[in-house]
Number of protein chains: 2
Amino acid sequence: MSRRVTIADVAAAAGVSLMTVSRVVNNNGPVSETTRQRVLEVIAELGYRPSELARGLVTRRTRTLGVVVPDVSNPFFAGILRGVEQVAYAQNHNVFLCNTEESPERELTVLQSLEDKHVDGLILCSSRMEDEQLAKVLEGFDAVVLINRFLHGSRVATVLVDDQAGGRHVVEHLLRGGRRRIGFLDGPLSSQSGRLRKAGHRAALADAGLSYEDVPAIDCAPSVSGGLEGARRLLRQHPDIEALVCYNDLVAVGALQACFSLGRKVPSDVAITGFDDIELAALVHPPLTTCRVPRYEIGLRAARLLMQQIHADDEDVEDLVVQPELIVRASAP
Amino acid sequence: MSRRVTIADVAAAAGVSLMTVSRVVNNNGPVSETTRQRVLEVIAELGYRPSELARGLVTRRTRTLGVVVPDVSNPFFAGILRGVEQVAYAQNHNVFLCNTEESPERELTVLQSLEDKHVDGLILCSSRMEDEQLAKVLEGFDAVVLINRFLHGSRVATVLVDDQAGGRHVVEHLLRGGRRRIGFLDGPLSSQSGRLRKAGHRAALADAGLSYEDVPAIDCAPSVSGGLEGARRLLRQHPDIEALVCYNDLVAVGALQACFSLGRKVPSDVAITGFDDIELAALVHPPLTTCRVPRYEIGLRAARLLMQQIHADDEDVEDLVVQPELIVRASAP
DNA sequence: CTGTTAGCGCATTCAC
DNA sequence: GTGAATGCGCTAACAG
C-alpha cells in the first residue's frame, strides 16, 4: 500500500489550504499558533507523512546519498559504508549502496542510475574508471567525495589514507625493537597503497642509516596464500631475517603460517607485522601487530565532508588525509 | 548539476510531442519506425535520461528497494546485502541500505523513511521490533521479505536458515568420527538460532542413543572471549571431553585458544566445530570445521522473492528455508 | 497570517 | 500513429 493520506487530505480535514499544511510541515512561513496546532493534530491523527518523491521533484533535494564501492562484503568498504550511513541517518538522509564488483562498466551504470535517482551527493570508493571518463560522469552530481582515488585536474573532495606514514610507523617500531634484518612482503605493484607503504618503509630505513636496496623484499598477492608462499621463499633465501613487514593483514597471516610450517617461532625468531587491522588480526595466534586503517571513521568524515558540500553555497572543496595508527600486539612486541 | 535535458527538450529538438518521446523511451504505445529513430537519435545526442523521481511520482514505481540490517559491518549482513544488490542491479533497481544498530527505535525510523521514499520492496533482516508494531509498519510496504525473523499471524515472505539441520550435521559428523564425549558451548539462550542449533544437536545425540541430559554444556557470549572462558570452564569440569561443538565460529576460535592455553591438542585431544563459516574460520590454526550459512545466496534468494512479489498481481507469498552446509577442515576431520 | 496560481518531469486517458 | 489535456504530491512565488 503506498501512502494513502496526502497533504490534501490533511488540508481538507483541518479546513485549511494545502499551503498552510505545507508550512507547518516544513516549519517555514508564518502560521498562527492556533491553526498550526490544529493542523498538527490532524497530521498526527491521519498519520500523514509527506512523499519524499513529490517533495524531491520540486525542491530538487531528495535527502538521498549514493555510496559506490567495489564490494560491500569487503570489511573495509562495509566499515566505510557504516560510517556514511551513520551520519546520513543523523541528518535524515538515506543512502543508496552500489557494488561495482570491480567492473568499470558496472561502475558507470550504477553512477548513472544514481544520477537518475537525483541523489544529493555521492561517495565513490576506489573508482576503477579512467580519469577522463570519471571526471565527466561526476559532472552529473552536485556533491562528490572520492575515497582512495585521486582525480587530477578536477576539484573533487578526496579522502585518503596516509599509507606512507603507516608504512613508516611499522618499520620504525621494528627498528626500535632492535630488529635490523627486515624482510618485506610487498603486495602487488599495481596497488597504489602498496607503493605508498613501501615508500614509508624506505624512509624509515633511510632514517636508520639502512638502505632499502640491500633488503630482502618480494611482491606477492594480497592474500593469505600470497603471504604464505612469499614468506616461504623469502625465509629460505634469507634465513637471517628477524622480521617480516607485510603489505596487509592477510599477507601477514600467510607469513604466520609459513613461519609455523618452517618451525620459526613468532615473535622470538621472526617478528611479523600486518596492515589494516581487520578483525582477523586480533584473533590469530599470536595476534598481529598492525597499522589500523580507521574505516568507520573514514566513512564518517567523508560523509560529513559531503553533507558540508551539499549545504554550502560556494564551490570550495576540502580534502582529507586520515592517519593510520600502529597497533602493537604479540606478533611484534 | 541536476539533470539538464528533460523530455520536453527532446520533444522540441525532434519536432514531436512529449508523448511520442515518452513512448519510445518506455517502448510502449505505437510509434512509426521513422519517428522512433529520429527520437532515439536526439536522445542520444542530448544525452537524455528520464528522471526517476518524476517517473516514480506518476507510475508509483521507484525501482528502489530497501534493505534494513542491524549492522552492515557484520560480515553476515554484508554478504546478504551484496546478494540483494546483485539481483537489484540485474533488474535495474537501486537499494537503500539502513543500519538499525540494534535499536528498535532506529529501526522504526528507517522503516518510515523508506516508506516515505516509496521503495517498491523491503528486505528486513533480524528485526528487533515487537510483532504487533512490526506488522503495522510493514503495512506501509507493497512487498516485504523477512530474513531471520518470524512474524506470526501475518503473511509476509520469510527466508530462514535451517539451523536445526545444521546443528544436527555437526554432531553427526563428530559421532561418525568416533567422538562420543562431546561438550557444547551454546551461545546465548536469547538467540533463536542458538536454540534451533541446540535442538539439532540433541536430535543427533538421541539418534545415536545418547542423552543430551548427561552432556557437558554451557551458555556463553557469542564471541571469541565468550568461547575462551566457556571452553576453559568446560574443559576443567570435564577433562574427558573429546570434542567441543560451538555456537558459532567466533566461539570456536575462543575454544581453540582455550585448548592452546590448556595444552590440549586440536584435533587429536579435542576436536572443535564452529558455525557460519566466516572468513576467519579457514584462516585460524587449525582451520575450523564448521557449518556454512550461505549469506550471499540468502541475499540473492530473498531479493528474487521480493522482485517476484513486486511483479506479481496476487498476494501469494512464498517462504524459503536455506540449508547450511557442513565444511570439514582440520579442527575436526 | 492565509490562500491561489503555477509547475517540478513525466505517464496515463482520451481524442484526433 | 500522434497529440492535448490532466494530474501524481508537493512547494515557490505571489496575492490578499
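Side-chain atoms are counted along with the backbone in the values below, which use heavy atoms only and exclude waters and symmetry mates. In this text, all values refer to a predicted model and were calculated from it rather than measured experimentally. Below, read A as the first sequence line, B as the second, and so on, with proteins coming before strands; counting in each chain starts at 1.
Distance alone, capped at 3.5 Å, places no donor-acceptor pair between the Ser154(A) side chain and the Val156(A) backbone. For Glu52(B) (side chain) and Arg63(B) (main-chain N/O), no donor-acceptor pair under 3.5 Å exists by modelled atom type.
For Arg82(B) and Tyr296(B), the positive end sits near the middle of the six-membered ring, less than 6.0 Å away and at most 45° from its axis. Cation-pi geometry between Arg295(A) and Phe77(A) is not met: the NZ or CZ atom fails to fall both under 6.0 Å from the ring centre and inside 45° of the normal.
For Arg55(B), no side-chain nitrogen or oxygen approaches OP1 or OP2 of dG9(C) to under 4.0 Å. A sub-4.0 Å separation between OP1 or OP2 of dA11(C) and a side-chain N or O of Asn28(B) is absent. In terms of phosphate contacts, Thr6(A) brings a side-chain nitrogen or oxygen within less than 4.0 Å of OP1 or OP2 of dC10(D). Remark: Thr35(A) is in phosphate contact with dT2(C), judged by side-chain N or O atoms under 4.0 Å from OP1 or OP2. Within the structure, every side-chain polar atom (N or O) of Ser17(A) is placed at least 4.0 Å from both OP1 and OP2 of dT4(C). Close to dG1(D), at under 4.0 Å from its OP1 or OP2, lies no side-chain N or O of Thr20(B).
If you check distances only, the side chain of Arg36(B) never reaches the base of dG1(D) with a donor-acceptor pair under 3.5 Å. Taking only distance into account, the side chain of Arg60(A) never meets the base of dG9(C) through a donor-acceptor pair shorter than 3.5 Å.
Put simply, CG on Leu18(B) is 17 Å from P on dG7(D), counting in whole angstrom units. As a whole-Å value, the separation of Asn26(B) CG from dT12(C) P is 7 Å. The distance between atom CZ of Arg49(B) and atom P of dG9(C), rounded to the nearest whole Å, is 15 Å. One interatomic measurement links the two molecules: CD of Glu52(A) to P of dC10(D), which rounds to 10 Å at whole-angstrom precision. Summarising the geometry, the separation between CE on Met19(B) and P on dC16(C) is reported as 17 Å, rounded to the nearest angstrom. If you measure from atom CG of Leu53(A) to atom C1' of dT11(D), you get 15 Å, rounded to the nearest angstrom. Computed from coordinates, the Leu57(B) CG to dG7(D) C1' distance equals 9 Å when rounded to whole Å. One interatomic measurement links the two molecules: CG of Asn27(B) to P of dT12(C), which rounds to 13 Å at whole-angstrom precision.
Backbone-only contact: Val16(B) has heavy atoms under 4.0 Å from sugar-phosphate atoms and none from a base.
Both Arg23(A) and Ala8(A) lie near DNA chain D, and the one whose nearest nucleotide falls closer to the 5' end is Ala8(A). Heavy-atom nearest nucleotides on DNA chain C were determined for Ser22(B) and for Val31(A), and the one closer to the 5' end corresponds to Val31(A).
Comparing atom distances between the Ser51(A) side chain and each of dC10(D), dC10(C), dG1(D) picks out dC10(D) as nearest.
Using the six-membered ring where Trp is involved, His311(A) and His93(A) have ring planes that are perpendicular, over 60° apart on the 30 and 60° scheme.
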